[in-house]
Amino acid sequence: MLFLIAGWLTGLPGWVGLVEHMRVEQDALVVPFEGEAGPRFAWRAEDYSVSLAMPEPVAAKGGPLPRVQGASGLPLVVLDPGHGGRDPGAPGVDGITEKALTLAAARAIRDALLASGRVRVAMTRDDDSFVPLQQRTDIGRRLGAALFLSLHCDSAADPLASGGTLYTLSEVASDKEAARMAARENRADLLAGVDLGSERADIASLLIDLAQRRTMGVSARYADLLAREVAPAMRLHARPRRMAALMVLKAPDMPSVLFELGYVSNAEDAQALGSPEARARLAAAVRRATEIYLATR
């Protein structure tokens, strides 16, 4: 078959006419070689089926919520250590894993924030457990987080690549996500305090987009504060502020930032991420940025 198609595409003598006379009879491909009365070639593919074992779908909503620490009434910061459990994340030098580094950093930041006495803190995971990606932002929204900070580590084939980066949602991603959210059948809980269930899809999409763009501006301001405050405490990438269409950034009503803490593939970054002293400096910087943001919002 591939030879016939190749001949037809290249236009070699005799091939074009041969292909023009091809037809299907009784589920078989018939090719006459010397006119209708001459010898013929017939090819039939046997029926077959393919069965694939698919994992059980994971519900994005519901389930127990993590513990919230801090005095009631204070604004809530949700920390999201990336990966965990069966998902180790990026492998680092000397066998260190991204999931271990993000959890250690999240615990240090949590302790620093709680020590300030000005916020409550919850973590999407506080051990080596697996939390599906689609549940992480849902946890923050259900808890009513004032800020959602997702922690990850970069990795690159170039061992010289280094430095932290801070991501917020891009405008293009916001447009597409608003339309996708508005297309859902149940829109009652997409915006906190606003029931969009009775709105037309185009109206709901506009309202979601407006809310998300406001949230994007708030997220960007917090990310800028983080970049400024952590710069003296750790090495940042030459271009530390970026935008992307990452799932953990798409909540339309919860300011969200993804912080890539450095490159686990870089020896110096990995050493700093594994150092309690370096984590303490990072945590203190995140605390300052968070206090400034909450005081000026």
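- Judged by distance alone, the side chains of Thr296 and Arg221 do bring a donor and an acceptor atom under 3.5 Å apart.
- Scanning both residues, Ala233 and Ala285, for their nearest heavy atoms gives CB-CB, 4.3 Å.
- Hydrophobic clustering places Tyr293 together with Phe259 (ILVMFWY residues linked when any side-chain heavy atoms are closer than 4.5 Å, directly or through intermediates).
- Cluster annotation: Tyr167 is not connected to Val257 through the hydrophobic network of ILVMFWY side chains, with a link wherever side-chain heavy atoms come within less than 4.5 Å.
- Leu294 is connected to Val230 through a chain of hydrophobic side-chain contacts under 4.5 Å among Ile, Leu, Val, Met, Phe, Trp and Tyr, so both are in one cluster.
- For the atom pair Glu260 CD and Leu246 CG, the distance stands at 8.0 Å (nearest 0.5 Å).
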- Message: For a side-chain contact (heavy atoms from CB on, under 4.5 Å) check, start with the C-alpha distance between Arg279 and Arg107, then their side-chain angles and the critical distance, and finish with the verdict.
- Response: CA-CA 9 Å; Arg279 286 197 299 266; Arg107 286 172 173 169; over 6 Å; no
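- At least one side-chain heavy atom of Leu143 sits less than 4.5 Å from a side-chain heavy atom of Pro66.
- Note that CD1 of Ile139 is 11.5 Å distant from CZ of Arg125, once rounded to the nearest 0.5 Å.
- For Asp154 (side chain) and Tyr263 (main-chain N/O), no donor-acceptor pair under 3.5 Å exists by modelled atom type.
- Considering only heavy atoms from C-beta on, Glu229 comes within 4.5 Å of Ile292 through its side chain.
- Using a 4.5 Å heavy-atom cutoff, the side chains of Pro91 and Val264 are not in contact.
- Checked for salt-bridge contact, Arg142 and Asp138 meet the test: a charged N lies under 4.0 Å from a carboxylate O.
- Contact record, Met123 with Asp126: CE-OD1, 3.8 Å, taken as the closest heavy-atom pair.
- Interatomic distance, Ser116 OG to Glu291 CD, rounded to the nearest 0.5 Å: 5.0 Å.
- Between Glu277 and Arg281, none of the side-chain N atoms (NZ, or NE/NH1/NH2) sits under 4.0 Å from a carboxylate O, so this pair counts as no salt bridge.
- Using a distance-only test at 3.5 Å, with no hydrogens or angles considered, a donor-acceptor pair links the side chain of Asp128 to the main chain of Gly85.
- No option in Val119, Val121, Val77, Val286 other than Val121 meets the side chain to side chain contact (heavy atoms under 4.5 Å, CB included) test with Arg110.
- When the side chains of ILVMFWY residues are joined at heavy-atom separations under 4.5 Å, either directly or via intervening members, Leu226 and Leu249 end up in two distinct hydrophobic clusters.
- Side-chain atoms of Arg241 and Thr168, non-hydrogen and from C-beta on, do get closer than 4.5 Å to each other.
- For the 3.5 Å distance criterion, the side chains of Asp80 and Thr124 qualify, holding a donor opposite an acceptor.
- A salt bridge does not link Asp253 to Arg214: none of the charged nitrogens lies less than 4.0 Å from a carboxylate oxygen.
- The side-chain heavy atoms of Thr137 and Met254, taken from C-beta on, include a pair separated by under 4.5 Å.
- More than 12 heavy atoms of other residues, nucleotides or ligands lie within 6.0 Å of CD in Gln69, so this atom counts as buried by the packing criterion.
- Here the shortest heavy-atom pairing between Ile109 and Leu151 reads CD1-CD1, 4.0 Å.
- Shown here for Cys153 and Leu273, the closest heavy-atom pair between the two residues is SG-CD1, 3.9 Å.
- One hydrophobic cluster holds both Val131 and Val68 under the rule that ILVMFWY side chains link at heavy-atom gaps under 4.5 Å.
- Looking at Arg120, its side chain does come within 3.5 Å of a backbone N or O of Leu74 through a donor-acceptor pair.
- Thr290 and Tyr222 share a donor-acceptor pair across their side chains, judged by distance under 3.5 Å alone.
- Arg136 and Phe148 get closest at one heavy-atom pair: O-CE1, 3.4 Å.
- The backbone N or O of Gly82 lies less than 3.5 Å from a partner atom in the side chain of Thr102, making a donor-acceptor pair.
- Atom CG of Leu166 is separated from atom CZ of Arg239 by 12.0 Å, given to the nearest 0.5 angstrom.
- The nearest pair of heavy atoms linking Ala112 to Arg287 is O-CD, 3.3 Å.
- Within a 6.0 Å radius of CG in Asp158, other residues, nucleotides and ligands contribute more than 12 heavy atoms.
- Looking at heavy atoms from C-beta onward, Lys250 lies in side-chain contact with Leu169 at the 4.5 angstrom threshold.
- For Ser265 (side chain) and Ala156 (main-chain N/O), a donor-acceptor pair under 3.5 Å exists by modelled atom type.
- Counting only heavy atoms from C-beta outward, the side chains of Arg235 and Asp269 approach each other to under 4.5 Å.
- For the pair Val78 and Leu149, the minimum side-chain heavy-atom distance is 4.5 Å or more.
- Ion pair Lys99/Asp87 not flagged as a salt bridge, since none of the NZ, NE, NH1 or NH2 atoms sits closer than 4.0 Å to an Asp/Glu carboxylate oxygen.
- Between atom CE of residue Met247 and atom CG of residue Leu133 there is a gap of 5.0 Å, rounded to the nearest 0.5 Å.
- His83 and Glu98 form a side-chain donor-acceptor contact under 3.5 Å, judged by distance and modelled atom types alone.
- Judged by distance alone, the side chain of Ser219 and the main-chain N or O of Ser256 form a donor-acceptor pair under 3.5 Å.
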